[in-house]
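The residues of the chain are indexed from 1 along the displayed sequence. All figures in this text were calculated on a predicted structure; none of them were measured in a lab.
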Amino acid sequence: ESGGEEDDLGDEVDPRELKQVLSEIKRLQGDVKRLTSQAKKAKVNGTVAQELETMSQELAGFAAILAGAEDADKRGAIEEFRDGEYFEKINEIRAKIEVPQSLKKLAQAVKKLEKSLKTKAVKALGLNLEGANAAVAEIKQKIQAVQELFNSGEYEDARAELREIYENGG
């Protein structure tokens, strides 16, 4: 007899858990909105926009269920939300938008640096520029490696490598 009661209790949703999940959904919805705006400005391909639209609809569905359904339905929605790995998906989409922009800016900065190193004014200083030129060449190789990671669909790895370049110069 008590087994049935335990099953009923298993479907109960702790109000704190519900509040946390709703907060996570709200945060993700804000991320989706920001990324949608960034994607439009960056003119990324249509699949990113479609992924964001799909995610927005799914998150709205979870929020609606959690706002008014029975506890058993809420429990299922919470589990489905957690299984959906939305934070990982949002990070991948963020990388799809930000990595190309950052690569473009970084490549422009490297090109500008190369040009500066070749000026007469810098050469007139009499500095040994071999180290600087080698560092620039190394950064260019790393930019190419990030581009290859991105092109192969390794968006998070590309983003991590790009972060490494910005933080440590390579």
>> Using 0.5 Å steps for rounding, measure from the CZ atom of Arg94 to the CG atom of Leu52.
In response: 10.0 Å

> Would a 4.5 Å heavy-atom cut-off, applied to side chains only, mark Glu156 and Glu88 as touching?
Replying inline: no

>> I need the full list of ring-ring contact (aromatic ring centres under 6.0 Å, His included) pairs touching residues 24-70, with sequence neighbours left out, sorted by first then second residue.
In response: Phe62-Phe81, Phe62-Tyr86

>> My understanding is that only one of Glu164, Glu92, Glu98 makes a salt bridge (charged side-chain N to carboxylate O under 4.0 Å, His left out) with Arg159; could you say which?
In response: Glu98

> Just wondering, do Glu17 and Arg75 contact through their side chains at under 4.5 Å, heavy atoms?
Replying inline: yes

> Going hydrophobic residue to hydrophobic residue with side-chain gaps under 4.5 angstrom, can you get from Val21 over to Met55?
Replying inline: yes

> Can you tell if the side chain of Glu114 reaches within under 4.5 Å of the side chain of Lys140, non-hydrogen atoms only?
Replying inline: yes

>> If you count every heavy atom of other residues, nucleotides or ligands that lies below 6.0 Å from Lys89 atom NZ, does the total exceed 12?
In response: yes

>> Checking Val13 against Leu66 for the side-chain contact (heavy atoms from CB on, under 4.5 Å) test, could you report, in this order, the C-alpha distance in whole Å, the side-chain angles of both residues, the deciding distance, and whether it holds?
In response: CA-CA 10 Å; Val13 177; Leu66 295 176; over 6 Å; no

> Do Thr54 and Gln50 have a side chain donor and acceptor closer than 3.5 Å?
Replying inline: yes

> According to a 4.5 Å side-chain heavy-atom criterion applied to Ile, Leu, Val, Met, Phe, Trp and Tyr, with indirect links allowed, do Val136 and Val146 form part of one hydrophobic cluster?
Replying inline: yes

> Between Ile65 and Val32, is there a shared hydrophobic cluster once you connect ILVMFWY residues whose side-chain heavy atoms come closer than 4.5 Å?
Replying inline: no

> Which heavy atom in Ala39 sits nearest to a heavy atom in Ile97, and how many Å separate them?
Replying inline: CB-CD1, 3.8 Å

> Between CD1 of Ile93 and OH of Tyr155, what distance do you get to the nearest 0.5 Å?
Replying inline: 10.5 Å

> Should the heavy atoms of other residues, nucleotides or ligands under 6.0 Å from CZ of Arg163 be counted, would the total exceed 12?
Replying inline: yes

> Do Leu113 and Ile139 come within less than 4.5 Å of each other through their side chains, counting heavy atoms only?
Replying inline: no

>> So Glu24 and Gln20, do their side chains get closer than 4.5 Å, heavy atoms only?
In response: yes

>> Quick check: do Lys115 and Lys111 have side-chain heavy atoms less than 4.5 Å from each other?
In response: no

> In Å and rounded to the nearest 0.5 Å, what is the OG to CG distance from Ser56 to Leu28?
Replying inline: 11.0 Å

>> How about CD on Gln57, more than 12 heavy atoms from neighbouring residues, nucleotides or ligands closer than 6.0 Å, or not?
In response: yes

> About how many Å separate CD1 of Ile90 and CG of Asp31, when rounded to the nearest 0.5 Å?
Replying inline: 5.5 Å

> Going through the checks in order, is the side-chain contact (heavy atoms from CB on, under 4.5 Å) test met by Glu51 and Lys96?
Replying inline: CA-CA 11 Å; Glu51 287 177 68; Lys96 287 179 184 181; 2.7 Å; yes

>> Using 0.5 Å steps for rounding, measure from the CD atom of Gln141 to the CD atom of Glu138.
In response: 7.0 Å

> Hey, what do you get for CD (Gln144) to CG (Asn151), rounding to the nearest 0.5 Å?
Replying inline: 8.0 Å

> Which pair of non-hydrogen atoms, one from Pro100 and one from Ala95, has the smallest distance, and what is that distance?
Replying inline: CD-O, 3.8 Å

> Any chain of hydrophobic side-chain contacts (each under 4.5 Å) joining Leu149 to Leu162?
Replying inline: no

> Shared ILVMFWY cluster between Leu22 and Ile78, side chains joined below 4.5 angstrom?
Replying inline: yes

> Taking Ser102 for the side chain and Val99 for the main chain, is one N or O donor matched with an acceptor at less than 3.5 Å?
Replying inline: no

